[in-house]
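Read the structure below first, then the notes.
Everything numeric here is computed off the predicted structure, so don't read it as measured data. Proteins come first, then strands; the chains are lettered A, B, ... in the order of their sequence lines, and each starts at number 1.
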2 protein chains.
Amino acid sequence: MVRKTKEDAELTKQRIIDAARAVFLTRGVSRSTLEHIATEATVTRGAVYWHFKNKTDIFYALRDRNFLPLIDRMYDTLGVRSDNIDPLTQIENSLCDTINQLNENTEMRQIYEIMMIKCEYVDEFATVLQQILSNCSNITEKIQMAYERAIEQNLLSTTLPPHALALDTHLFFSGLMHMWVKDADGSRFRHQAKALIQSHIKLRRL
Amino acid sequence: MVRKTKEDAELTKQRIIDAARAVFLTRGVSRSTLEHIATEATVTRGAVYWHFKNKTDIFYALRDRNFLPLIDRMYDTLGVRSDNIDPLTQIENSLCDTINQLNENTEMRQIYEIMMIKCEYVDEFATVLQQILSNCSNITEKIQMAYERAIEQNLLSTTLPPHALALDTHLFFSGLMHMWVKDADGSRFRHQAKALIQSHIKLRRL
DNA sequence: TTATATACAAACAAGAATGTATGTATACTG
DNA sequence: CAGTATACATACATTCTTGTTTGTATATAA
């Protein structure tokens, strides 16, 4: 049984990526071998080497497929200029939506866990961190724009500049994401994540 | 040249821990071998195996020596009940002090970097995460107590419960620490870390 | 002073993991 | 329908890494 059709080949490629996600999650990226991944995908290392250059290549494929979409989604929900929803609520909704995504989408939850606590950012992986930082900057900018609209509409209880507010919100949410991921049993943060977001926004609402 | 005095032996043990910190930092924990560490400490693996059971053992020794003190210090500076300094300023000072520590103390800066982005929390390392979460709970409790005092003294601009305020502050600072570590060149977060802390506190001051 | 435990260095053995090279059945192309 | 490229499986060679074992000079205890 060899030489599948193109669709079959693409399917096994996706199966390998899925397998990598499962293996990375349980063994961490470094300790995961191509043999592990191949076995999990019920193929041999031959197939893996056919589709990917090496483990790093798989990691990047996994990130592109499962991680970046979540970033994009957050970026988009923050960006839309709505007239019938105030900017503070928009920020709140956007953050809650991301938490919802993590709750509902197993793949995204796992990919976050991998990237946050099961990957060492050295050598070939160091650049990933910078890309994440870059994404964060974009998100923060969007949040800042929302706060600027909130100021225009006189919604804020504070006179802090939108730049400071945006960074504070971003850091809050960044911390929440980290804790959400680490709180595997859900007892500390996951169960009250949305309440925390609401409090955070409420704090600056007039 | 063998069989040093007890003091000498303890010295080489510390040298090995220092070497491990350096090697972990540049290669990540997983990719660091005992050979790397031994060479960095200018000893052989024989010495390493004499003082430590394995790499995990070294990691824990490193954490106990360099990481836990910072936690304790933060816990302490938050805990002292001062009469001539208001609780909000106390929180602010405590957070700033931690940032100062990171700026001034190379070892602490490196150990944080290792534990945040150069270590995979699987298997033997998984428990470390839970211990960190536990530490975080303690810190949050202390922050909450400070906010309770702030309420008593009518210092707050918000009616949010101290529990929510404490978690918001903790998450903010958690995010700040993560970003501080990742922002290696200092252009994004490190240079304005203290200003961000001040803004965060100012937001809730009456 | 002698015996013993200490603090390593050096050598050894075994298993992983990687990358590559080779084999091969079959989809597809001309 | 023959030839070729594809999509893998299998086999191989090499390099790392680990843990253990052995050796040994010397501080220290008796």
Output yes when a side-chain donor or acceptor of A/Glu40 lies under 3.5 Å from a complementary backbone atom of A/Ala20, and no otherwise.
no
Could you please name the option among C/dA7, D/dA9, C/dC8 that lies closest to any side-chain atom of A/Val43?
D/dA9
Look at B/Thr12 and C/dC8 and indicate whether a side-chain polar atom (N or O) is within less than 4.0 Å of OP1 or OP2.
yes
For A/Phe172, enumerate each residue passing the ring-ring contact (aromatic ring centres under 6.0 Å, His included) test, keeping only those at least two apart in sequence or located in another chain.
A/His200
Enumerate donor-acceptor pairs with a distance under 3.5 Å from any side-chain N or O in residues 44-52 of chain B to protein atoms, sequence neighbours excluded.
from	atom 1	to	atom 2	distance (Å)
B/Thr44	OG1	B/Gly46	N	3.3
B/His51	NE2	B/Thr12	OG1	3.3

Go through the structure and list residues passing ring-ring contact (aromatic ring centres under 6.0 Å, His included) with A/Phe125, not counting sequence neighbours.
A/Phe59
Close N/O contacts between protein and nucleotides 15-19 of chain D (under 3.5 Å):
from	atom 1	to	atom 2	distance (Å)
D/dT18	OP2	B/Leu34	N	3.2
D/dG19	OP2	B/Tyr49	OH	2.4
D/dG19	N7	B/Arg45	NH2	2.5
D/dG19	O6	B/Arg45	NH1	3.4
D/dG19	O6	B/Arg45	NH2	2.8

Would you write out the dot-bracket form of DNA chain C, 5' to 3', with Watson-Crick and G-U pairs under 3.5 Å, [ ] for crossing pairs, | for pairs to other strands and . for unpaired bases?
||||||||||||||||||||||||||||||
Applying side-chain contact (heavy atoms from CB on, under 4.5 Å), name anything that partners B/Asn100, two or more places apart in sequence or on another chain.
B/Glu104, B/Lys194
Residues that B/Gln144 engages under side-chain contact (heavy atoms from CB on, under 4.5 Å), provided they are two or more places apart
B/Glu148, B/Pro162, B/His163, B/Ala166
Please check the phosphate of D/dA7 (OP1 and OP2 only) for any side-chain N or O of A/Trp50 closer than 4.0 Å.
yes
Nearest to the side chain of B/Thr5, heavy atoms from C-beta on, is which of C/dA27, D/dC8, D/dT28?
D/dT28
DNA chain C: A/Glu7 or B/Thr42, which has the more 5' nearest nucleotide?
B/Thr42
Name all residues meeting the ring-ring contact (aromatic ring centres under 6.0 Å, His included) criterion together with A/His36; count only those two or more places apart in sequence or in a different chain, and write none if there are none.
none
Do the side-chain N or O atoms of B/His51 get closer than 4.0 angstrom to the phosphate oxygens (OP1, OP2) of C/dC8?
yes
Value in whole Å for how far the C1' atom of D/dA7 lies from CG of A/Leu11:
14 Å
Given atom NZ of A/Lys6 and atom C1' of D/dA5, what is their separation to the nearest angstrom?
11 Å
Could you tell me how far apart B/Ile16 (CD1) and C/dA7 (C1') are, to the nearest whole angstrom?
10 Å
Tell me the interatomic distance from A/Asp8, atom CG, to D/dC8, atom P, rounded to whole angstroms.
8 Å
Should A/Asp8 and A/Lys13 count as an ion pair when the cut-off is N to O under 4.0 Å?
no
For A/Asp123, side chain to side chain donor-acceptor pair (under 3.5 Å) partners two or more places apart:
B/Arg31
